[in-house]
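Since the structure comes first, as structure tokens, the remarks are kept for the end.
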Amino acid sequence: TELRADQEFEWDGDDKKIYLQAALSNIVCEDDQNGATVAQIHHNSDSGAKPLIRVEIVLIDGVEWFQATLRDDPYGDDTSYERVPLAHFHNGDIYEITLETTNGQGRATVNNKSKSDDDDEGEYSFDLPSDWDDDDENFYFKAGIYQQVESEEDAYRPKIAIYDMKYTY
């Protein structure tokens, strides 16, 4: 289940932000590319553009992490990604997750409200990749839980409890 913001925005326009406070559980991760998306900046186009950036829960060296995944090219399946671990994921803990744009710069943050170790919060700042230059408008936020791994067992159905969510335009 995901919620989509009802407004679209230009990359270099006014500052934009989505803030999500939520607890997540029953997340199945196979590797650093197949887990569950929690928040994203997506692109709305008739040409099938993909998300610019996702905050997702993935498996890295046997440990579950929140990861920022930045897509270099808006179209097609043959593209590269920048993947940056942000914070350890702990099943059932409450997290603050933010995606924002400020003065043409993007930022993703994750903060575990239940713990305070060094690996329980992280931040990633990025510029709009050059291949997106012709598609620098019609962005929108999405948040929720989008499982990228399919499982037949009920125990692996992802769960999200949203405590707070705000869009700032």
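Values in this document were obtained by computation on a predicted structure and should not be read as measured data. The figures that follow rest on heavy atoms only: side chains count, while hydrogens, waters and symmetry mates do not.
Panel note: side chain Glu64, backbone Cys29; no donor-acceptor pair is recorded below 3.5 Å. Side-chain atoms of His43 come within 3.5 Å of backbone atoms of Glu137 as a donor-acceptor pair (strictly under, hydrogens ignored). The backbone N or O of Lys113 lies less than 3.5 Å from no partner atom in the side chain of Asp93, so there is not a single donor-acceptor pair. Under a 3.5 Å cut-off, the side chain of Trp11 and the backbone N or O of Gly104 do form a donor-acceptor pair.
Note on Tyr167: it clusters hydrophobically with Ile145, by side-chain heavy-atom contacts below 4.5 Å among ILVMFWY residues. Linking ILVMFWY side-chain heavy atoms closer than 4.5 Å, directly or via other members, places Ile27 and Val63 in two distinct hydrophobic clusters. Under a hydrophobic clustering in which Ile, Leu, Val, Met, Phe, Trp and Tyr are joined whenever their side-chain heavy atoms come within less than 4.5 Å, directly or via other members, Leu20 and Tyr146 fall into different clusters. Cluster annotation: Val38 is not connected to Val58 through the hydrophobic network of ILVMFWY side chains, with a link wherever side-chain heavy atoms come within less than 4.5 Å. One hydrophobic cluster holds both Ile57 and Tyr124 under the rule that ILVMFWY side chains link at heavy-atom gaps under 4.5 Å.
Side-chain contact annotation: Asn111 with Glu96, donor-acceptor N/O pair under 3.5 Å present.
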### Query
Should Thr101 and Phe9 be marked as a side-chain contact (heavy atoms from CB on, under 4.5 Å) after you check the CA-CA gap, both sets of side-chain angles, and the distance that decides it?
CA-CA 10 Å; Thr101 64; Phe9 61 91; 4.2 Å; yes

### Message
Determine whether Gln33 and Tyr81 satisfy the following criterion, side chain to side chain donor-acceptor pair (under 3.5 Å), listing intermediate values before the conclusion.
### Response
CA-CA 10 Å; Gln33 298 178 34; Tyr81 298 88; over 6 Å; no

### Message
Applying side-chain contact (heavy atoms from CB on, under 4.5 Å) to Leu24 and Phe66, what does each step give before you reach the verdict?
### Response
CA-CA 11 Å; Leu24 303 124; Phe66 281 96; 3.9 Å; yes

### Task
Show your working on side-chain contact (heavy atoms from CB on, under 4.5 Å) between Leu52 and Phe126 and close with a plain yes or no.
CA-CA 11 Å; Leu52 167 65; Phe126 61 95; 4.2 Å; yes

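A side-chain hydrogen bond (donor to acceptor under 3.5 Å, both in side chains) with Glu100 holds for exactly one of Gln105, Arg107, Lys17; it is Arg107.
Surrounding CG of Asp131 are more than 12 heavy atoms belonging to other residues, nucleotides or ligands, all under 6.0 Å away. Within a 6.0 Å radius of CG in Asp133, other residues, nucleotides and ligands contribute more than 12 heavy atoms.
The CG atom of Leu99 sits 13.0 Å away from atom NZ of Lys142, with the distance rounded to the nearest 0.5 Å. Within the model, atoms CG of Asp32 and CZ of Arg83 stand 5.5 Å from one another, a figure rounded to the nearest 0.5 Å. From Phe141, atom CZ reaches atom OH of Tyr169 across 5.5 Å, with rounding to the nearest 0.5 Å. In this structure, Asp136 CG and Glu10 CD are separated by 6.5 Å, a value rounded to the nearest 0.5 Å. The CG atom of Leu86 sits 8.0 Å away from atom OG1 of Thr109, with the distance rounded to the nearest 0.5 Å. Taking CD1 from Ile94 and OH from Tyr163, the interatomic distance works out to 4.5 Å, rounded to the nearest 0.5 Å.
Annotation for His88 and Trp65: closest pair NE2-CZ2, 3.2 Å, computed over non-hydrogen atoms. In plain terms, the two heavy atoms of Ala39 and Ile97 that are nearest each other are CB-CG2, 4.2 Å. Across Gly92 and Ala23, no two heavy atoms sit closer than the pair O-CB, 3.7 Å. Closest approach of Ala87 to Gly122, counting heavy atoms only: CB-N, 4.3 Å.
At least one side-chain heavy atom of Leu128 sits under 4.5 Å from a side-chain heavy atom of Phe139. Put simply, the side chain of Arg71 does not reach to within 4.5 Å of the side chain of Gln40, judged on heavy atoms.
A salt bridge links Asp164 with Lys166; the closest basic N to acidic carboxylate O contact falls under 4.0 Å.
Ring geometry for His42 against Tyr140 counts as parallel: the plane angle stays under 30°, on a 0 to 90° scale with 60° as the upper cut.
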